[in-house]
Amino acid sequence: MAELKENIMEVEEDTQKGRYLTFSLGKESYGIEIKYVTEIIGIQEITEIPELPEYVKGIINLRGKIIPVMDVRLRFKKEEKEYNDRTCVIVIDVKDVSIGLIVDTVAEVLTIPEEGIVEPPGVSKGFSNRYIKNIGKVGNDVKLILDCEKLLTEDEMEDLNSAL
Amino acid sequence: MKKVLIVDDAAFMRLSLKNILEKNGHQVIGEAENGKVGIMRYRELNPDVVTLDITMPEMDGLTALKEIKKIDNNAKVIIVSAMGQEGFVREAIMYGAKSFIVKPFSEEHVLKVLNSI
Amino acid sequence: MSKLSHEPMLEMFIFETAQLLEQLEQVIINSEKISSYTEHNINEVFRIMHTIKGSSAMMLFNSIASLAHSMEDLFYFIRENKPQKIDFTELTDLILEGADFIQTELVEIENGREATADSCLLIEKIKVFLGDLKKINQISDQSCKNNEKAETIKQQQYYIGSDSFAPIPAKKMFKAVVYFEEGCQMENVRAFTVLHNLKDLVSNLHYFPSNIVEDDSTEEIIRVDGFKVFFSTEYSLEIIREILMDTIFLKHLELEELVGAEELIEFEKNQQAKLRETQSPEIKMIEREQDLEAHSKSLNQSIISVSVSKLDTLMDLVGEMVIAEAMVVQNPDLRGLELDNFQKAARQLNKITSEMQDMVMSIRMVPLSATFHKMHRITRDMCKKLDKEVKLEIIGEETEVDKNIIEHISDPLMHLVRNALDHGIEPTEDRLAKGKPKSGTITIEAKNAGSDVLIIIKDDGKGLDRDGILKRAKENDLLYRSEEDMSDGEVFNLILLPGFSTKESVSEFSGRGVGMDVVSKNIETIGGSVSVDSVQDGGTTITLKIPLTLAIIDGMNIKVGKSRYTIPTASIKESFRPEENDIITDPQGNEMIMVRGECYPILRLHELYNVETKITNFIEGIIIMVEQDTKNLCVFADELLGQQQVVVKTLPDYIRQLKTVKGLAGCTLLGDGSISLILDAGGLFNL
């Protein structure tokens with residue numbers, strides 16, 4: 001994972017286009033545009049904050065900076081999984097808001113050319129669909145590309161309303 | 001490359017001028033917010049060129065010019081004026097200012113004046 | 001994120017212009033008080049407008065620049081001509097209108113919008129005012145111009161001397177025509193510079209146009225036809241050429257030696273004739289008066305402006321240092337060791353870090369004067385609007401508060417002053433009828449009280465209507481206690497509750513209460529509190545209690561299960577292990593504890609925040625009695641961990657956007673790197 005971290009750090013802004021960090025939740029594979037990722041760390045002690053939605057696990061101390069962490073499984077209304085030493089926190093920065101995403105495992109940094117990016121299917125395929133920006137095809141694999149901004153802004157109320 | 005002392009009561013003006021000068025390889029070795037402080041700095045820093053705004057509190061540009069000339073008759077002073085201050089500028093020239101810059105100033109003008117003295 | 005290359009300049013422009021506008025307001029209001037404009041003040045207004053004109057022109061905010069220009073002209077006129085008959089109120093209104101225009105545009109600019117407002121109407125108004133001023137004081141435009149143009153130049157030396165026209169044989173005669181580059185501006189002054197540079201080297205200097213000093217329109221002539229100079233000199237053509245070529249912004253030079261003097265003599269005759277026609281302007285030496293009157297305090301002090309973000313970073317670093325120091329000194333590795341020298345050194349380190357902390361805090365402290373002085377303007381404007389006479393008294397303006405806090409006080413303060421002016425102070429007739437002085441008084445006072453700052457806004461108006469408030473509260477279902485049990489203080493504080501003044505209710509109350517809950521909320525955001533008191537027909541007093549600083553507080557760390565919390569020591573009254581028989585449970589299941597005969601509610605932290613802990617039995621844990629204003633609450637936790645200075649960090653934006661958790665004021669990092677949530681006593685009470 002250290003190499004992965006270095007990978008991200010070395011990459012320049014312009015060459016970040018088309019590069020995605022991929023991670024998995026259960027059987028599904030997701031991707032995040034590299035430009036949002038600031039670092040990847042192992043799971044660490046989380047300080048709970050009461051009264052928040054269950055997918056917001058709390059806050060962590062990242063070298064003196066306090067960062068909130070979100071369990072992506074719970075956000076996508078999947079079954080919760082116990083954290084182990086493979087669990088990672090992907091720290092992203094979206095419009096000056098920092099947040100750590102707790103995921104099962106982090107895979108690699110992939111380059112997906114523009115031709116490989118397609119629109120997500122219109123039919124609501126389960127709850128996680130709204131946070132998917134588009135689909136990336138790499139060989140036979142399909143990566144669900146996350147819409148980071150939606151991940152951070154849309155809240156449960158809206159989800160409930162649309163589900164009705 | 002000239003060492004310049006900027007004297008103007010408006011921080012904005014000082015910053016504008018500083019940006020232009022430094023961008024073009026000159027060095028701003030000091031700033032002052034009125035004529036009195038300007039003279040002090042002149043003595044301390046001994047710049048190649050001094051820019052003096054005309055309208056300042058405590059001591060205006062013309063008075064400061066006269067004082068600086070007393071300290072060093074060869075001092076190179078550029079007077080910074082606004083439109084409508086022709087009279088003051090003429091007086092400044094009489095008292096030994098090498099040239100003048102008119103506000104609002106353009107980078108081109110400033111450099112031209114600076115390079116010519 | 002791309003940033004405009006203009007941006008640091010823009011920031012500076014906004015900052016400086018805002019500062020200047022504040023100074024301007026101050027000068028204007030002071031002048032109004034004494035009903036006249038001192039020379040010093042006129043000069044200051046002139047200078048402020050001059051500077052704003054310059055910088056806004058540089059930033060291409062042309063409507064602001066033109067407005068500033070016309071205001072500058074107005075004050076230039078007043079300065080130079082000292083008109084006797086002048087309507088000060090109208091002048092003040094004009095200037096304030098201008099200042100408001102610029103202020104509004106500044107806000108637009110600050111928020112990233114375009115400054116598109118048109119200042120033409122206002123400029124017209126100012127021009128009309130100036131025109132009238134001239135007429136009333138019978139200062140004609142002619143002499144006006146003369147005053148403007150009269151200079152110190154000893155023009156004699158450029159006039160045609162009575163001595164010889166004929167060139168002296170050893171000297172040569174030259175004619176030079178100087179053309180300046182387009183757009184170099186002030187060509188007549190540049191021409192003057194040419195003359196100035198030549199005068200020591202030549203004689204018989206004649207030039208055309210000759211009235212470059214008096215007449216600025218010669219600029220145009222020089223632009224088109226060039227500047228013609230005739231002179232005789234011993235120097236060679238080459239040397240003269242060299243000297244003239246040195247002219248800045250020179251586009252083209254025509255230099256030729258004159259063989260005969262005909263051209264010159266012809267030229268001379270023309271000049272002589274012309275001279276006889278024109279009136280010689282007044283040649284006066286105008287001493288530029290330098291007013292050495294002491295400037296306002298803010299200008300005299302040696303001050304530098306520092307960007308707030310740098311200060312914030314510095315604060316953060318100092319905070320980190322405090323934590324790091326704790327991590328070193330309280331390191332578990334050192335436990336149990338006898339380390340005399342180490343302890344000594346640690347104490348020294350602590351001394352230095354504490355001093356640094358204090359110093360950095362004090363840098364961020366800003367006196368309340370600026371905020372308080374803004375109230376003068378509001379008072380003035382509202383008095384005019386409401387036709388009331390009110391005096392604003394300010395006490396303790398030098399009291400300092402953290403810069404972050406200042407921003408949160410401004411609006412509430414304005415609300416309160418407005419309320420006092422609008423609803424507190426009675427109309428003049430009523431006051432006189434009651435035997436009160438005609439002029440009402442509003443007092444704003446600031447003073448230190450322990451680790452807080454008290455800001456008291458008091459008016460001598462009609463006071464609050466106790467019964468009316470009770471009625472309204474009942475209507476809106478806000479009474480939490482029976483009427484008879486409520487003290488006066490409690491009744492008055494009802495107006496701070498959200499929902500107290502609802503849009504539907506239009507009663508005799510109309511308006512009173514607008515903004516009070518907003519004020520309360522604003523103050524609570526910075527960890528402060530509001531309280532209201534009143535005397536019928538005597539007036540109303542609103543007290544804001546504000547913590548001195550947001551950043552570092554003395555806190556007591558407590559433990560609940562695996563979670564850590566910190567309670568500000570200032571809120572803690574006492575802590576103890578309860579006894580079984582002190583605990584009372586009422587029929588509704590609310591738990592309370594008896595302490596020295598008084599009964600206090602108990603708050604189980606583990607229940608409140610849903611934390612797992614083995615300690616649920618009171619006698620196994622600890623009770624911490626917290627106090628807020630006069631209310632007390634007993635918080636139940638597992639154990640006390642110790643007291644320390646903690647650096648308050650706000651909860652991440654993401655979380656604050658999601659929800660405001662009641663009772664949490666922020667968080668802090670403990671010595672072992674874990675996070676402790678900071679409890680806010682006030683928030684706990686409101687549950």
Side-chain angles (χ1 to χ4, degrees), chain A residues 13-14 16 33 35-36 38 41-72 74-75 83 89-102 131 148-160, chain C residues 1-2 313 315-324 326-327 559-566 604-613 646-679 683-684 687:
Chain A
E13 265 255 27
D14 349 292
Q16 283 183 354
E33 288 167 86
K35 70 180 189 200
Y36 290 118
T38 45
I41 52 177
I43 192 78
Q44 59 182 76
E45 178 101 34
I46 302 174
T47 303
E48 279 176 27
I49 300 213
E51 298 178 32
L52 294 178
E54 58 162 4
Y55 57 84
V56 181
K57 283 294 185 178
I59 48 182
I60 59 172
N61 171 8
L62 188 61
R63 294 184 310 277
K65 195 162 170 220
I66 312 269
I67 312 250
V69 283
M70 174 199 287
D71 187 316
V72 188
L74 293 176
R75 182 70 160 133
Y83 301 150
V89 178
I90 305 174
V91 184
I92 61 173
D93 190 312
V94 182
K95 289 196 190 146
D96 277 339
V97 177
S98 278
I99 185 167
L101 303 175
I102 305 175
Y131 302 115
C148 289
E149 289 177 26
K150 284 228 182 88
L151 203 63
L152 256 62
T153 50
E154 286 186 11
D155 60 25
E156 307 236 332
M157 280 311 294
E158 292 178 23
D159 301 337
L160 274 176
Chain C
M1 271 174 287
S2 66
T313 311
M315 280 284 314
D316 281 345
L317 284 173
V318 170
E320 311 277 326
M321 193 177 66
V322 169
I323 296 176
M327 282 176 74
K559 174 172 140 150
V560 179
K562 280 203 284 181
S563 300
R564 305 274 175 278
Y565 300 91
T566 306
R604 284 179 181 261
L605 266 182
H606 67 95
E607 266 180 23
L608 176 64
Y609 292 143
N610 231 331
V611 185
E612 261 183 49
T613 174
V646 294
V647 180
V648 177
K649 284 186 181 280
T650 48
L651 294 170
D653 287 335
Y654 177 69
I655 293 190
R656 282 188 302 156
Q657 277 164 24
L658 274 183
K659 187 175 178 161
T660 314
V661 184
K662 271 226 148 85
L664 286 187
C667 56
T668 182
L669 295 172
L670 296 177
D672 62 356
S674 62
I675 303 176
S676 172
L677 299 176
I678 301 179
L679 298 177
L684 293 174
L687 292 163

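Lettering follows sequence order; numbering is per chain, from 1. Just so it is clear, the model here is predicted, and its values are computed rather than measured.
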What part of A:Ile99 gets within 4.5 angstrom of chain C, counting heavy atoms only: side chain, backbone, both, or neither? side chain
Non-hydrogen atoms of C:Tyr654 and A:Leu152 that approach each other most closely: CE1-O, 3.3 Å
By salt bridge (charged side-chain N to carboxylate O under 4.0 Å, His left out) - contacts of A:Glu33 (at least two apart): A:Lys35, A:Lys133
Let me confirm one number: the CD-NZ distance from A:Glu45 to C:Lys562, rounded to the nearest 0.5 Å. 6.5 Å
Which atoms of A:Ile60 are under 4.5 Å from chain C, going by heavy atoms: the side chain, the backbone, both sets, or neither? backbone
Could you walk me through whether A:Ile66 and C:Cys667 satisfy the side-chain contact (heavy atoms from CB on, under 4.5 Å) test, starting with their C-alpha distance in whole Å, then the side-chain angles of each, then the deciding distance to 0.1 Å, before giving a yes or no? CA-CA 9 Å; A:Ile66 312 269; C:Cys667 56; 3.8 Å; yes
Listed partners of A:Tyr83 passing ring-ring contact (aromatic ring centres under 6.0 Å, His included), at least two apart: none
Identify which part of C:Ile675 has an atom lying under 4.5 Å from any heavy atom of chain A, answering side chain, backbone, both or neither. both
Interatomic spacing from CD1 in A:Ile49 to CD1 in C:Ile655 - rounded to 0.5 Å: 4.0 Å
Highest number of heavy-atom pairs under 4.5 Å with chain C among A:Ile46, A:Ile67, A:Val56, A:Leu52 belongs to A:Leu52
